[in-house]
Protein chains: 4
Amino acid sequence: MVNEEQKPVLRQMLKSEKTRAELLRAAEKIFARDGFEASRIEDIAAEAGRSRGAFYANFASKTEVFLTLRTLAAQKHARAVRERVQGLQDQEARYQALIGYIVEQIYDTQTQLLQIEFKLFALRHPRMQARLAEMHLEASTSVNRRELSDLFPEKSSLPAEMRCSTLEIEALLEGFALNARFSPKVLDEVSIQAIVPRLMAQIFSRAEGS
Amino acid sequence: MVNEEQKPVLRQMLKSEKTRAELLRAAEKIFARDGFEASRIEDIAAEAGRSRGAFYANFASKTEVFLTLRTLAAQKHARAVRERVQGLQDQEARYQALIGYIVEQIYDTQTQLLQIEFKLFALRHPRMQARLAEMHLEASTSVNRRELSDLFPEKSSLPAEMRCSTLEIEALLEGFALNARFSPKVLDEVSIQAIVPRLMAQIFSRAEGS
Amino acid sequence: MVNEEQKPVLRQMLKSEKTRAELLRAAEKIFARDGFEASRIEDIAAEAGRSRGAFYANFASKTEVFLTLRTLAAQKHARAVRERVQGLQDQEARYQALIGYIVEQIYDTQTQLLQIEFKLFALRHPRMQARLAEMHLEASTSVNRRELSDLFPEKSSLPAEMRCSTLEIEALLEGFALNARFSPKVLDEVSIQAIVPRLMAQIFSRAEGS
Amino acid sequence: MVNEEQKPVLRQMLKSEKTRAELLRAAEKIFARDGFEASRIEDIAAEAGRSRGAFYANFASKTEVFLTLRTLAAQKHARAVRERVQGLQDQEARYQALIGYIVEQIYDTQTQLLQIEFKLFALRHPRMQARLAEMHLEASTSVNRRELSDLFPEKSSLPAEMRCSTLEIEALLEGFALNARFSPKVLDEVSIQAIVPRLMAQIFSRAEGS
DNA sequence: TATGAATGAGAGTTCATTCAT
DNA sequence: AATGAATGAACTCTCATTCAT
């Protein structure tokens, strides 16, 4: 049987995939906790229950794992939007689902802090900046375009504007996530719920209450 | 005579004040450019035209100079607001002056990036976080309170809300400054002028056009 | 039947011999190219089209394969001398054949560089040095003794001198091979042909033209 | 007085020069003992009674200190030749002085092993090789040319040949030094004294005894 | 026997900080 | 106060070797 020979190899590959996945999860946590610069490979490896060597068997460098993480985050984001929006026939329902998802994002502080880290990283590595920004926007708007094209007909026809509103929303998310973490007592959930949806409405060109 | 001895001492003090000022200016630039972690004392000293020794003669550590910088920035911010607003009798004029100043701030990327760095620093040093957040808000709202108390009477009576809107504005400024630097082509000056004032209005008046 | 079981075993042994031979060839190339210290097991395995595991299935360590290589080189050298000299009845012809073989050796840079690496290795591992030097000379002079005893009758009776001239010749070969590789433009083939045979003659006959 | 201010600075510079000199001496010893690749910065620093940091305050890298060492060795060599030869009016005396110096060199095993290391380094770093070989020969023959031009009139007019004989002599020195260290019992001082001067004479185009 | 993921000691290098001047 | 040589801990990354398969 073919399985007789493939099984061990397959098991090894699965094991290795598990190590890689563990390392990615660990890296995400450590990067968000300590920031890119202050994160130590050893901490990432330890968090994953692996050794430094295992890290370097799976990633070429600290930079590589960081950027890999961003690509995966973009994919995850795309999947999440799709899941929320698909199946909803009503345009208003889809809009509300989208807004709901975005507001939720503020509370996923780890993700938002990583986004901030990623953008700081990009603008501090001028050689990569243009490429990274392009990749980031391509990933973000490709989701929006496919899933939300009919939701904002007047905008979807203008990719440039779509990219722009994507960044505007991200600006809100990142700014509020950072400040909520910085001063959770002052910028608490109640305050955020009170203001963010109204700001979002402005971005989506909808007057409040319309 | 006393002067015989004081003059050189005075000159020394002035010289040392100049060194300190140069180092602070340099630190601000380098921290904004490279981030707190990646900034090197040597680069700061070199940018100031001084040596590592001069740095340590004026500051106890990298952390100290960074935090000193924040205090100074808060004072500078207070002075700037005062200058813009004072002398304007008309309430609407003062409001416009304030809004104008805030929008301007987005383009002072160095300052906003430093604010982001500062907040990231705070939330990554849990022991200091509460104290740093308190200091930051005290400095920010003390300005607002004194200068703007009659401008937003209903708010100034509620320090908690004032602190909250301060953070909301900062969230906007930081989020937009970061993303404008990350992707200047997409989030250009035109886009920012189109959206930020409207978002600001939401925060201030809590109703568009009110 | 015995064959039922031996055949696969034999096949396995042949396969493993091939692997071992491939690894040895690869090791020789990599060691000569990069030097003992800088050579990586992974490079050797890759050059042999095998994996790290195959290497360790055949050799206990990097050191072991390196020393094994020297033993094989000595045997190969012995075989080569025998093939050149045997069957030549004329003493002068045998001398010329020998000189010819030695001069050829200079151009086998890989072999000479490995000899240099081997001797450097020996003198940097004091515990092994005496043993390695003894092995090396035993291998080298055993060839000479058997094959060349009647060629230099007065010398073959003095093993000590024979060992000495062996090292003298090796000194020439290694020195010239190294410098020819270091500066091939200056120490080119013409220069080498012009000088090395004359130097060799000095070592063999201990008098020019005798 | 000018000294009042210069003294401390001068003392610091001297101290720093001493550190650099100590490190160079230590590096020479360690490189010769362990080889370039196996030498550890920590060992060099410890041998110099300094820390790793002191090493990097004086040299950019392991490679840099190694190459610096070669330049210094070339200068030292030039000085030594000059000292031996200058003041000797008789051409034969100068020739003998030169030969004597060269033979002596064989016993300076540390220097010869470093030369071997240097050449191995060069041919394993193809990008630098041509430049290193050129530098090396320029340094070596510039000595010979100035000091020995009238000694070998027919050769000094042909720089190419001079470079060639330089390499030939180095080949001898390196080959014999290596093998003498490899097997000191067999290739002892007596054997070397018996053969090397005669080989040298061949290189200098002088029949033995002429 | 052979694979290659994983280990972990140890390498070169950096840099905040100290200290003699 | 200012210099800059020196320290040494800590970093990223490499690689000989081990081990489950």
Side-chain angles (χ1 to χ4, degrees), chain A residues 5 7-13 15-20 37-43 45 50-63, chain B residues 9 11-13 15-20 23 37-45 50-63, chain C residues 9 11-13 15-20 23 37-45 50-63, chain D residues 5 7-13 15-20 37-43 45 50-63:
Chain A
E5 271 192 26
K7 255 183 189 166
V9 171
L10 190 66
R11 222 177 279 153
Q12 202 160 49
M13 280 174 65
K15 192 184 167 194
S16 132
E17 265 317 297
K18 189 152 176 278
T19 295
R20 191 185 164 86
E37 287 288 347
S39 292
R40 298 159 57 226
I41 304 294
E42 181 146 33
D43 285 352
R50 297 297 196 288
S51 70
R52 253 172 285 151
F55 180 91
Y56 282 100
N58 282 279
F59 304 101
S61 67
K62 192 164 119 168
T63 297
Chain B
V9 170
R11 226 176 275 151
Q12 192 97 17
M13 280 175 66
K15 189 186 168 195
S16 110
E17 267 315 300
K18 188 146 177 284
T19 296
R20 191 183 163 87
L23 284 166
E37 287 290 344
S39 292
R40 296 159 64 233
I41 303 293
E42 180 151 31
D43 285 352
I44 293 172
R50 298 297 196 288
S51 69
R52 279 198 211 69
F55 181 92
Y56 281 97
N58 282 279
F59 305 100
S61 67
K62 190 163 125 169
T63 298
Chain C
V9 170
R11 225 177 275 151
Q12 191 99 17
M13 280 175 66
K15 189 185 168 195
S16 108
E17 267 315 300
K18 187 145 177 287
T19 295
R20 191 183 163 86
L23 284 166
E37 287 289 345
S39 291
R40 296 160 64 232
I41 303 293
E42 180 149 31
D43 285 353
I44 293 172
R50 298 298 196 288
S51 69
R52 278 196 211 75
F55 181 92
Y56 281 97
N58 282 279
F59 305 99
S61 68
K62 190 164 125 170
T63 297
Chain D
E5 270 193 26
K7 256 182 191 166
V9 172
L10 189 66
R11 223 176 280 153
Q12 202 161 50
M13 281 174 65
K15 192 183 167 195
S16 130
E17 266 314 299
K18 190 152 174 281
T19 295
R20 191 184 163 86
E37 287 289 346
S39 292
R40 298 159 58 225
I41 303 294
E42 181 146 34
D43 286 351
R50 298 299 198 286
S51 68
R52 254 174 284 155
F55 180 92
Y56 282 99
N58 282 280
F59 304 100
S61 68
K62 191 163 120 167
T63 297

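Since the model is a prediction, treat every value here as computed from it, not as a measurement. Proteins come first, then strands; the chains are lettered A, B, ... in the order of their sequence lines, and each starts at number 1.
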Next item on the list: Answer yes or no: does a side-chain N or O of T19(B) lie under 4.0 Å from OP1 or OP2 of dA1(F)?
Entry: no
Sequence neighbours excluded, the answer for ring-ring contact (aromatic ring centres under 6.0 Å, His included) partners of Y56(A) is none
Residues passing the side chain to side chain contact (heavy atoms under 4.5 Å, CB included) test with A57(C), sequence neighbours excluded, are none
Contact string for nucleotides 8-13 of chain F, one letter per nucleotide 5' to 3', B = base within protein heavy-atom range under 4.0 Å, S = sugar-phosphate only, - = neither, reads B-BSSB
Rounded to whole Å, CZ of F59(B) lies from C1' of dT18(E) at a distance of 18 Å
In whole angstroms, the gap separating P of dT17(E) from CG of N58(B) amounts to 15 Å
Here the distance between atom P of dT18(E) and atom CZ of R50(D), to the nearest Å, is 21 Å
Requested in this report: Measure the shortest side-chain to side-chain distance between E42(B) and F55(B) over non-hydrogen atoms and say whether it is less than 4.5 angstrom.
Outcome: no
Rounding to 0.5 Å, atoms CD1 (I41(A)) and OG (S51(A)) come to a distance of 12.0 Å
In terms of heavy-atom contacts, R20(A) and N58(A) come closest through NH1-O, 3.2 Å
A38(D) meets the side chain to side chain contact (heavy atoms under 4.5 Å, CB included) criterion, sequence neighbours left out, with E37(C), D34(D)
Phosphate-side-chain proximity, S16(A) and dG4(E), N/O vs OP1/OP2 below 4.0 Å
no
What one should report as the nearest heavy-atom pair of L23(C) and A45(C) is CD2-CA, 4.1 Å
Where DNA chain E forms runs of at least three Watson-Crick or G-U pairs (i with j, i+1 with j-1, under 3.5 Å), the stems are E:2-21 with F:2-21
Sequence neighbours excluded, the answer for side chain to side chain donor-acceptor pair (under 3.5 Å) partners of D43(C) is R40(C)
